[in-house]
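Okay, so here's the structure we're looking at.
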Protein chains: 2
Amino acid sequence: MGQRTGDLSAPARLAAPDEEIGADELALATRNHGLPLEALRYDVTPPGLHYVLTHYDIPYVPGAGAWRLTVDGHVRAPLDLSLADLLSFPQVTTRVTLECAGNGRALLRPRPVSQPWLVEAVGTADWTGVPLRLLLAEAGADPAAVDVVFTGADHGVERGVEQDYQRALPLALALGGDPEVLVATAMNGAPLPPQHGRPLRLIVPGWYGMAQVKWLRSVTVSDVPFTGFQQSVAYRMRRTADEEGEPVTRIAPRALLMPPGFPDFMSRTRVVREGPVRLFGRAWSGQAPVSSVEVSTDRGASWMPAVLEPEVHRWAWRGWHCTWAAAPGQHAVGARASDSAGCTQPLEQRWNRGGFANNAVRYVRVVCVDDAPSP
Amino acid sequence: MGQRTGDLSAPARLAAPDEEIGADELALATRNHGLPLEALRYDVTPPGLHYVLTHYDIPYVPGAGAWRLTVDGHVRAPLDLSLADLLSFPQVTTRVTLECAGNGRALLRPRPVSQPWLVEAVGTADWTGVPLRLLLAEAGADPAAVDVVFTGADHGVERGVEQDYQRALPLALALGGDPEVLVATAMNGAPLPPQHGRPLRLIVPGWYGMAQVKWLRSVTVSDVPFTGFQQSVAYRMRRTADEEGEPVTRIAPRALLMPPGFPDFMSRTRVVREGPVRLFGRAWSGQAPVSSVEVSTDRGASWMPAVLEPEVHRWAWRGWHCTWAAAPGQHAVGARASDSAGCTQPLEQRWNRGGFANNAVRYVRVVCVDDAPSP
């Protein structure tokens, strides 16, 4: 970018202690969107309710017939595939919960200034596509290579760097079958909607959203580690600006509550009637299967176990439920998940400059009333 | 609501001069969502990109087979209709641009504290349903009645008032054919998605979104003016809190620009290359057909006419375009629409306490560069 771009692209920064959401963050919040939390009730998120985060613009793909996917780099025989070519490979369908790495960012103090998610950047879909390992086998990927780089068609500037969106996976992961990485051509049995990557996207079960490259154009096998912006600058866990930081990879465990009762419009505070209230929600972890969910109705002072529904789809969220004997007054109701790798959601934030993977327990404010008629 | 609700539901208020977006507004912004402006390119907005504003929760309707719509009140013969019953009436399909009455609210100074839309609360769909007048004729609505009240299944509290969402239309409008009010059962040829009113919603072409009652359960003919919360308290144009105010009704004219070039992630500032740049956008008015669109690239100092595409669908937005000879530097690019009723978008805000119908021209910040390679 030249000198004339002026203050087009500001450096990453933290909000001041008393700084509320500014114009830039609001512009992102109005165009990207989360799952309305009542939609946690659906096993598979209905179209349009799944979270969406677009770094730049949604590319325009009027007809998918002309789309090409190239597989190149350190391969024996590069591929140049149409959608029809891709459909001639075996297809796999997997139910996957996707979550933005920045989910929970706007709750951090100090707040990293970026897309200001609270906790709703999540959704679950059935993704159908070709296993990536079959394409890499067809091309004859060099087994001594290091990374596989995925390039999307979305183009923009980020922190001063003009770029197509690019991310990489280690070759071993790309070639492995656990998780089975897909080049997806369908979402919930239909062609991908524009905002979810039409006509092609990567699906990496268990990983945060930054790995799920949309509008996928090329797959490049590399013999050196990929150091592009989204790999080496963004999506690192850093406490200071100058450290290298650990990469953001798999989804940390999280349980979310489907807010009970009905809401106040402006505060989203919930109202329930006195008596038994069924609490329901979802829990997931990309690290290991969820092993338990606990619920608190007193902002973490005490916890009760929830009933966890069986795991049917390894990479999808699981339902959980319990019954709360609601008494009149104000309550802070939350849930926390643990996974079989021994991770439990923390009660306090684990802060980092990018605002990634903040899975601290979030409480829903509930007012229980004893004096109002049922609706 | 009883005394125990405490500070559950705060009164409407204006933000202080230096007050940025707070936690309540952010919670609304993350669950409701606007049209990503690059999606202005589509004549019909793809599913999931159309704006959504839900006052309370999206009701859960697992199967539409049990849904009933009642038509009652001052009628000769009340109706109790299933979806199948509704489909036995003649069906009409209309392409309609819907816009939230609060679109533009977050740009007002002082800012009314509510859903903080910038300008993206808009979308266009093909809606199919039964003309309301046929249902009212079947029921034998009393021609001396005044209002027709529509009740949705969404339930919540707003400014201290527990309610099902309700709005009314004047009987003359409900019985008339211009605009043709629909009880819609399909959006873009498919059953309504949950967030758009599954299984039934009202469509009132040319009116702001508050009239388009979702999850429609009852149609009640009334011989007195409806004074429910959403009619008499909310959705009024007031400059002071104690005045009655004019009701919010039809959509004021607006033109929006599909942002040219490519964006910076955080600021959403656009980058274009030097030379001719095609500018494209949409324009609409619920008051009268759009008669012209003008474009400014210098924040309103000068205006050039755009080419307006022909009107094919009276109630849908129309495309417009022009070519801009972009020179290196920073530019503020905007558009303004005029309609054949003589209304032109203002350059300055027309402020009201609810933040409704703010159609002041909005400029997109564009940086033109002469020194960067094409992507």
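For clarity, every value in this text was computed on a predicted model and none was experimentally measured.
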**OP:** Using the side chain to side chain contact (heavy atoms under 4.5 Å, CB included) rule, take B/Trp117 and B/Val122 through it: C-alpha gap first, then chi angles, then the decisive distance, then the call.
**Re:** CA-CA 10 Å; B/Trp117 296 122; B/Val122 66; over 6 Å; no
Original post:
Can you tell which of A/Pro193, A/Pro62, A/Pro36, A/Ala39 has the highest number of heavy-atom pairs within less than 4.5 Å of chain B?
Top reply: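 Looking at each option in turn, the highest pair count goes to A/Pro36.
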**OP:** Quick one: which of A/Glu19, A/Gln115, A/Arg270 has the most heavy-atom pairs under 4.5 Å with chain B, could you say?
**Re:**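 Top count of heavy-atom pairs under 4.5 Å with chain B: A/Arg270.
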Rounded to the nearest 0.5 Å, what separates atom [atom1] in [X] from atom [atom2] in [Y]?
X	Y	atom1	atom2	result
B/Tyr60	B/Trp215	OH	CH2	15.5 Å
A/Leu108	A/Asn358	CG	CG	4.0 Å
B/Leu14	B/Arg111	CG	CZ	10.0 Å

Original post:
Given that the side chain runs from C-beta out, which part of B/Glu25 has a heavy atom under 4.5 Å from chain A: side chain, backbone, both or neither?
Top reply: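 Contact with chain A: backbone and side chain both.
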**OP:** Please state whether the side chain, the backbone, both or neither of B/Leu49 comes within less than 4.5 Å of a heavy atom of chain A.
**Re:**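 Both the backbone and the side chain of B/Leu49 come within 4.5 Å of chain A.
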Original post:
What about B/His155 and B/Tyr56, are their ring centers closer than 6.0 Å?
Top reply: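 No - the distance between ring centres of B/His155 and B/Tyr56 does not fall below the 6.0 Å cut-off.
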Given that the side chain runs from C-beta out, which part of [X] has a heavy atom under 4.5 Å from chain B: side chain, backbone, both or neither?
X	answer
A/Val113	both
A/Glu120	side chain
A/Tyr42	side chain
A/Ala106	side chain
A/Ile58	both

**OP:** Using a cut-off of under 4.5 Å on heavy-atom pairs, state which of B/Pro47, B/Ser114, B/Gly22, B/Ala27 scores highest against chain A.
**Re:**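 Ranked by contacts with chain A, first place is B/Ser114.
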Subject >> Residue of the set A/Leu107, A/Leu35, A/Val364 for which side-chain contact (heavy atoms from CB on, under 4.5 Å) holds with A/Val119 >> reply: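 Among A/Leu107, A/Leu35, A/Val364, the one that satisfies the side-chain contact (heavy atoms from CB on, under 4.5 Å) with A/Val119 is A/Leu107.
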Original post:
Between the side chains of A/Thr151 and A/Arg217, does any donor sit under 3.5 Å from an acceptor?
Top reply: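 Checked: A/Thr151/A/Arg217 side chains show no N/O donor-acceptor pair below 3.5 Å.
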